[in-house]
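Position 1 is the first residue of the sequence, and the numbers go up from there. Note that the structure is a prediction, hence the values are computed from the model and not measured.
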Amino acid sequence: MTSSPHMSEYRSSILGYPRIGPRRELKRALESYWRGGISQEELVAAGRELQEQTWSELAATGLSQVPGNTFSYYDHVLDTAFLFGAIPQRFKALEEELNPLDLYFTMARGRPDFPPLELVKFISSNYYYRQPELEPEIEFGLNADHIIDEIKRGNEAGIELRPVIMGPVTLLLMSKASAQAREGFQTLDLLDSLLTKYEDLFERLARAGTTCVQLDEPYFTLERTDDELDAFKRAYETLGHSPLRPRLLVTGQYGDLGPALPILAATKVEAIGLDLVTARKTPAELAEIPGLRRKRIYAGVVSGRNVWKTDKLAALDYLRELQEVVPDIVVSTSCTLLHVPVDVLSEFDLLGSVADRLAFAKQKVGEVVALARALKDGAPERWVSPSDEPIAPPDDAVRKRVAAVTDADRERVPYAKRRVAQQEALPLPIVPTTTLGSYPQSAALKQARYDLGQDRLTYDEYVGVVKSEIETVVRLQEDIGLDVLVHGEVERNDMIQYFAELLEGYLVTRNGWVQVYGSRCVRPPVLYGDVSRPKPMTVDWIGYAQSLTDKPVKAILTGPVTMLAFSFVREDQPLQETVMQLALAVRDEVADLEAAGIKVIQVDEPAIRTLLPRRMEGREEYLKWAVDAFRLATAGVKPETQIHTHMGLSGVAAVVEAIEDLDADVTYLVTATRTLYWVLDALQNAGLTRGVGPGVYETHSARIPDIDEIDELLTKAVQAVEPERLWANPDGGLKTRHWWQLEPSLRNLVAAARRIRRRAS
C-alpha cells in the first residue's frame, strides 16, 4: 500500500501514563515518607527516578510525542491548584510553618487541626481527587518551576515533553466555593483572572522551548449549561490569542465533547483530542463541524479505560476514513492510561485464553505506535482481528436463570410493612450508630494471608488468625457502644477482588495495580465469562462474628453494579446482561446469610453514578437496569430482614430518584459535609422516604472529628428527617485508618448520637 499523501511521518502520542511505578514504587516511597522512614530529599529523588524512567521508556517505544507533567505525588488536580497558587485561606497559616510539599500533603491528607480538602470522584472514572477550594478574593499565582525543570531534564535526555495541564474551565468547575465565600459566588467568576496566569505559564513554557502544551477539559464531555459553554468559548478565544505560547492541544477525555467541539474548532487552538472509543463519531459527522478540518486531531482510538486489546484492523480502517476528512491526525489513546495497570507481561500465571487478549498501559502504547505506522505504511500481514468467540464457553445454566427472571423477583412487601417487622426484629434506639464495613488489618493478618498464598500456612491455621482478628473488631465495637456491628471485613483484600476470587467468570492479577488516589491502589479484576457463585463467600465469617455478640452484626456485600463498575469487563455482551448475572450471584449470598440468622445485610453500591451516561441520552435506560440489578440481588429476603446500601454522592436528580427506587431500607451516603447538605435537600424536596445515614465525618482523612462537630451535623439532619429514620455513621470504610484515629472518632460519633436521642426524647 502506498503511504497517505496527508502523512509524511508517524504521528503517535498518549494523553497520560500511570505514575505509581511498575511495582508501586511511588506508594512505598510516599508511605515511608509519611511515617518518617525516608527524608523529603529521598522522596523527591524517588519521584524524579520514576519520571525519567517513564519518559525514557515512552520515547523508546517510538512515540512521536511524550507527555510530561503527568507525575504527581498525590493528585494531579491538586497539583494544578498548587501550580496557580490556589491555596485556601484556611491553610494560609501553614505556609510559614511547612515547606511546600508538606503543605501540599496536609491539604491532601489533613491533620487534627486542619481538615483536608474534600475527596471527590473524578467524573466517571474510578479515580478520586482532592477538590480545590476557591474564594472570591483569591489572587492566583504561578509556581511552574517544577514543570520548567521537567522540560529541562527531558531536553537533556533528548526527549521533548508535552506538558499536561488541567484546562482552566474544568479546573474551576471541579473546584468548589470555600465555606467562607460570599453567597452567590461561583467558581467560574474567577475565570478571567485565572486565564492571565495560564497566559503567563504559556510564555514561560514557550521560552523554555516547549512547542505544544496539553490542556485537559474532561468536564465538557458532561452536560454543561449555556453559561458554562460561554465561559469555555471565552477561555479558548482568549488563550488562542495569547501573545507568546506553544501550540495548544485541548482534550475531551472520557466521552463526547458535544457542543464544546464546534466551539473549539472555531478558535485558534491548533489541536483537539477526541475520545473515539467511548463516543466514536463517524467521519461524516466530524466533517460537518466547521473549522475542524484545519485542526490537528488526536484520534483516541485505543481505550485508556479497559484492558482488552484494540481491534487494530478495525481501528485502522476508521483512521483511514477519518484522515479523508481531517488530514492531520495523531494516533492516540481515548484518555490518560492512568486507569489501567502498567504491564501485562508482569502477569506470569494468567489464564492463557484471557492473557492473549489483554493490553495494559505498555501494550497500549505499542498499539498506538503500531497504528500510526500502519496508517502511513500499511498494516502488517500478521494483523488479525480479535476472535468473535467468547474467551470462556457460555454457562447455559446461568443464562437460563437470567432469562427466567420476572418482575416479581425484584419486589418486596411495601416499606411501611417492612419497617414495622424490622422494628420488632431489631429493637434499636433512634439514630442507631454503625460503621460501613472495613476495619484496619494487622500486620499479622496480612502476613498470614501472604503465607497462605505461598503455602507456608495451612487453611485451618489461617482461619484461626482471621477469627482472632474478627473477635478483636467485635469486642472493640461493643466497648465503644455501637448499636449495629460489623465483622470488619478482615478476611478481604479488597471489596471487589475478594468476591472476584470466589466467583466463576472472573480472574485477578498479581501486579495489575491502578491508583485510586494518593498512595491508595487496587487491582481491578478481569470479568471475562459468565458469572456464578459456586459456594457461599461470607457466611462463615459473618456467622462467627454474630456468635460472639448479642448485638446485630451486619453482613457486608459488594453490589452487582459496583462489581461491574470496578472491574475490567468483557465487551462481547451488553452490560445489562452481565450485571444481571452478578445480581443473581449476590442474591444467592443474601439468601444464605438470611438463612444463617443475619438480620441486617448491607449491599454496597457506591458506583451507581460511575456508569451513569455522561449526557442525558441513555441515562433513563441505565438507571432502570442498575436499579433492577440491585432489587434482584436484594428482594428475595423476608420483610424483617433489613437491607442497607452504601452509595456515592450524587446531586443528579435522576440518581436521587434511583435511590428511592432501589427500595433499600437504609441508604448511607458518603462525603460528610457536602453530602449532608445535599441529603437535607433530597430528604425535603426529592422524596427520600426510607432510612438514611449521611456520613458525618470523612474516613479518608487522618483527622479525628470532635463530638460537637458531629452533633452539629446530626442536629441539622434531624431538621430534615425524623430521628427514627436517621442513622449515624462515618462516610466510608475504616480500613485505611490507624486504630488511634479510628477509636476516638467512633467514640465521639456514639456520644453525639446519644445527645440527639436525649434531645429527641
Side-chain angles (χ1 to χ4, degrees), residues 390-413 492 495-508 525-540 542 555-596 598 601-608 610-611 621-638 641-647 658 661-665:
I391 295 173
D395 187 324
D396 291 337
V398 170
R399 292 174 176 253
K400 288 179 181 177
R401 192 176 176 202
V402 170
V405 169
T406 67
D407 289 343
D409 295 318
R410 302 186 181 95
E411 295 295 330
R412 298 185 70 191
V413 301
R492 304 179 194 180
M495 67 178 292
I496 306 297
Q497 184 182 341
Y498 174 80
F499 292 101
E501 289 175 343
L502 298 173
L503 292 169
E504 296 292 340
Y506 266 105
L507 63 77
V508 297
V526 179
L527 196 167
Y528 67 91
D530 290 336
V531 178
S532 62
R533 186 201 69 146
K535 61 182 181 181
M537 301 178 287
T538 65
V539 175
D540 288 346
I542 297 167
I556 312 291
L557 305 176
T558 303
V561 176
T562 298
M563 287 294 297
L564 192 77
F566 289 170
S567 303
F568 296 122
V569 180
R570 62 190 296 183
E571 296 178 327
D572 60 339
Q573 70 178 13
L575 290 179
Q576 50 266 51
E577 293 185 26
T578 304
V579 81
M580 292 308 164
Q581 295 179 1
L582 285 162
L584 289 170
V586 175
R587 184 184 180 97
D588 291 342
E589 189 71 14
V590 168
D592 284 341
L593 286 164
E594 184 182 58
I598 305 302
I601 302 172
Q602 178 179 316
V603 179
D604 288 340
E605 285 290 20
I608 283 280
T610 299
L611 296 179
E621 178 187 3
Y622 161 70
L623 288 171
K624 182 182 186 309
W625 63 252
V627 167
D628 282 352
F630 181 87
R631 293 178 68 139
L632 178 60
T634 58
V637 296
K638 301 172 185 175
T641 298
Q642 198 169 71
I643 296 294
H644 294 206
T645 189
H646 177 205
M647 292 191 65
D661 291 342
L662 291 175
D663 200 27
D665 299 299

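For the pair Asp395 and Arg401, the salt-bridge criterion is not met [side-chain N within less than 4.0 Å of a carboxylate O]. Salt-bridge check for Arg533 with Glu589: passed, with a basic side-chain N closer than 4.0 Å to an acidic carboxylate O.
A side-chain donor-acceptor contact under 3.5 Å links Asp409 to the backbone of Thr406. A donor-acceptor contact shorter than 3.5 Å links the side chain of Thr558 to the backbone of Met495. Using a distance-only test at 3.5 Å, with no hydrogens or angles considered, no donor-acceptor pair links the side chain of Arg631 to the main chain of Ala626. One N or O on the side chain of Thr634 and one on the backbone of Phe630 form a donor-acceptor pair closer than 3.5 Å.
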### Task
Please step through side-chain contact (heavy atoms from CB on, under 4.5 Å) for the pair Val405 and Asp628, ending with a clear verdict.
CA-CA 11 Å; Val405 169; Asp628 282 352; over 6 Å; no
### Query
Step by step, would you call Lys535 with Asp540 a salt bridge (Lys or Arg N to Asp or Glu O under 4.0 Å)?
CA-CA 11 Å; Lys535 61 182 181 181; Asp540 288 346; over 6 Å; no
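Taking both residues in full, the closest heavy atoms of Met537 and Leu502 are given as CB-CD1, 3.7 Å, listed atom of the first, atom of the second, then distance. Of all heavy-atom pairs spanning Ser567 and Tyr506, the tightest one is OG-OH, 3.1 Å. In terms of heavy atoms, Val508 sits closest to Ala500 at CG1-CB, 4.1 Å. For the pair Ile598 and Ile542, the tightest heavy-atom approach, listed with the atom from each and the gap, is CD1-CG2, 3.7 Å.
Partners of Gln573 by side chain to side chain contact (heavy atoms under 4.5 Å, CB included), not counting sequence neighbours, listed by chain and number: Arg399, Asp530, Arg570, Glu577, Thr578, Gln581.
Between Leu507 atom CG and Tyr528 atom OH the span is 6.0 Å, to the nearest 0.5 Å.
For the residue pair Thr645/Glu605, the side-chain donor-acceptor check at 3.5 Å is not satisfied.
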